[in-house]
Enquirer: 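I have a structure I would like to understand better, so I am pasting it below and will then ask my questions one at a time.
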Amino acid sequence: MHAAYGGVVPELASRDHIRRLVPLIESVFKEGGRSLCEIDAIAVTHGPGLGGALLVGSSVAAGLGAALGKPVIGVHHLEGHLLSPLLSRPRPDFPFVALLVSGGHTQLMAVERLGQYQLLGETVDDAAGEAFDKTASLLGLSYPGGPALSKLAETGNPGRFKLPRPMVASGDLDFSFSGLKTAAMTLIRKAEANSTFDVQSRADVAAEFQAAVVDVLVTKSLAALKSTGLTRLVVSGGVGANKSLREKLTRAVRRRGVAVFYPPMELCTDNGAMIAFAAAMRLAEDPALLENSDISFNIKPRWALEEISVG
Ligand code: KG4
Ligand code: ZN
């Protein structure tokens with residue numbers, strides 16, 4: 001539905017959510033052989049994200065909560081991503097460094113324990129996934145372009161074209177991907193103008209672009225581990241599904257005695273399980289949440305993860 005527009009159209013998304021959400025909940029319970037009466041609580045994403053879509057979710061959760069007499073627990077979307085690797089086995093122990101790379105965020109966090117998150121660095125402009133999507137679109141690939149670009153890169157030669165590794169030597173843990181995307185655009189436009197942009201060249205640009213993003217993510221993750229002295233790295237968010245990132249990170253940390261954890265592929269990109277899991281963890285720690293149902297339609301389209309951190 002969104003591919004025709006090259007990105008998510010907020011109004012189309014929220015209208016589609018209205019149509020799909022209740023039938024989806026029904027089919028999930030039917031498939032799982034469970035009934036709504038069996039659940040302890042309803043977890044719902046309160047933010048950050050697109051206002052319209054957040055409102056649809058919060059409204060359905062509030063309605064279900066009122067009808068079933070079950071508490072509603074509002075969850076931070078990024079906390080869901082951050083904790084999703086704990087759904088895999090072996091499960092990482094706290095504390096760890098988290099590399100959170102999605103379509104909207106690129107952040108390094110120090111996670112001391114549940115609810116204690118310190119931002120170490122983040123992108124000053126585009127998110128890594130956004131850069132993947134925009135460059136993919138320049139290469140004529142359809143949205144969402146990250147997986148398609150990564151597939152194309154498999155047949156390409158990184159190094160034939162040269163792209164920058166932005167901010168690798170900046171001395172901090174911040175990122176910038178907008179200049180890299182512009183450099184890729186200049187390269188592609190020049191090659192197209194010279195009619196030298198054949199299939200192999202496209203694959204070569206894709207491979208070099210992916211190598212540039214991955215190099216930056218690996219370098220900064222290692223720097224974050226060094227500066228915190230932590231020995232566990234947890235990767236989450238859609239770009240965490242990238243095969244090349246996983247291979248290079250795994251190789252880079254092995255020599256340093258660091259253990260790296262990835263969520264299963266299907267839990268890397270946005271999903272409901274990670275939101276349910278974040279609420280379940282909070283509930284286990286604070287049973288009083290069962291008495292404090294939040295049916296306030298309290299959505300927060302802009303919401304920093306640090307706001308829910310307890311120091
Ligand atoms: O976490 P996510 O599903 O949604 C957000 O919260 O943003 O991440 C989606 C992003 C998109 O930009 C998509 O292109 C990117 O993750 N992505 C990938 C791969 N799979 C998904 N990027 C690079 N390589 C992949 N294999
Ligand atoms: Zn996400």
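What you see below is based on every heavy atom in this structure, not just the backbone, and it leaves out hydrogens, waters and symmetry mates. Order of listing sets the numbers, starting from 1, for every ligand and every atom in it. Bear in mind that the values here come from a model prediction, so they are computed numbers and not experimental data.
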Enquirer: Using a strict 4.0 Å cut-off to heavy atoms of H81, name the atoms of ligand 1 that fall inside it.
Expert: 1 (O), 6 (O)
Enquirer: Quick check on contacts: which atoms of ligand 1 are under 4.0 angstrom from a heavy atom of G129?
Expert: 12 (O)
Enquirer: Return the residue, atom name and 0.1 Å-rounded distance of the protein heavy atom closest to atom 19 (C) of ligand 1.
Expert: G238 O, 3.7 Å
Enquirer: Is any side-chain N of the basic residue among D174 and K220 closer than 4.0 Å to the acidic one's carboxylate O?
Expert: no
Enquirer: List every atom of ligand 1 that sits less than 4.0 Å from any heavy atom of H77, numbering the atoms from 1 in the order shown and giving each element.
Expert: 6 (O)
Enquirer: Using ring centroids (six-membered ring only for Trp), state whether H76 and W303 fall under 6.0 Å.
Expert: yes
Enquirer: With a cut-off of 4.0 Å, which atoms of ligand 1 are near a heavy atom of G104?
Expert: 7 (O)
Enquirer: Check for a donor-acceptor pair, side chain of D286 on one end and backbone N or O of A284 on the other, with a separation under 3.5 Å.
Expert: no
Enquirer: Within the 3.5 Å criterion, strictly below it, is a donor on R160 or S201 matched to an acceptor on the partner's side chain?
Expert: yes
Enquirer: Among all protein heavy atoms, pick the one closest to atom 24 (N) of ligand 1 and tell me residue, atom and distance.
Expert: N242 ND2, 3.0 Å
Enquirer: Does the distance from a Lys or Arg side-chain N to an Asp or Glu carboxylate O, for R20 and D16, drop under 4.0 Å?
Expert: yes
Enquirer: Check this for me, if you would: do E307 and K300 make a salt bridge, where the nitrogen-to-carboxylate-oxygen distance has to be below 4.0 angstrom?
Expert: no
Enquirer: Going by the atom numbers of ligand 1, which of them fall below 4.0 Å from some non-hydrogen atom of G103?
Expert: 5 (C), 7 (O), 8 (O), 9 (C), 10 (C), 12 (O)
Enquirer: Is a salt bridge present between K243 and E247, judged by a nitrogen-to-oxygen distance below 4.0 Å?
Expert: no
Enquirer: Which heavy-atom pair separates V75 from A278 by the least distance, and what is that distance?
Expert: CG1-CB, 3.8 Å
Enquirer: Do me a favour and list the nearest non-hydrogen protein atom to atom 2 (P) of ligand 1 with residue, atom name and distance?
Expert: D270 OD1, 3.4 Å
Enquirer: With a 4.0 Å cut-off on N to O distance, would you call R15 and E11 a salt bridge?
Expert: yes
Enquirer: To the nearest 0.5 Å, tell me how far Q118 CD sits from L108 CG.
Expert: 11.5 Å
Enquirer: What atoms of ligand 1 come closer than 4.0 angstrom to any heavy atom of T269?
Expert: 3 (O)
Enquirer: Short question: side chain of T196, backbone of A191 - any donor-acceptor pair under 3.5 Å?
Expert: yes
Enquirer: Any idea which of V101, N271, V214, V239 brings a heavy atom closest to atom 15 (C) of ligand 1?
Expert: V239
Enquirer: Quick test: of every protein heavy atom, which one is nearest to atom 22 (N) of ligand 1, and how far off is it to 0.1 Å?
Expert: G146 CA, 3.5 Å
Enquirer: So which atom in G240 and which in V235 form the shortest heavy-atom distance, rounded to 0.1 Å?
Expert: CA-CG1, 3.9 Å
Enquirer: At distances under 2.8 Å, what protein N, O or S atoms surround the Zn ion (ligand 2)?
Expert: H77 NE2, H81 NE2, D270 OD1
Enquirer: Looking only at protein heavy atoms, which one is nearest to atom 12 (O) of ligand 1, and how far off is it?
Expert: D133 OD2, 2.7 Å
Enquirer: Go through ligand 1 atom by atom and flag the ones less than 4.0 Å from a non-hydrogen atom of S102.
Expert: 1 (O), 5 (C), 6 (O), 7 (O), 8 (O)
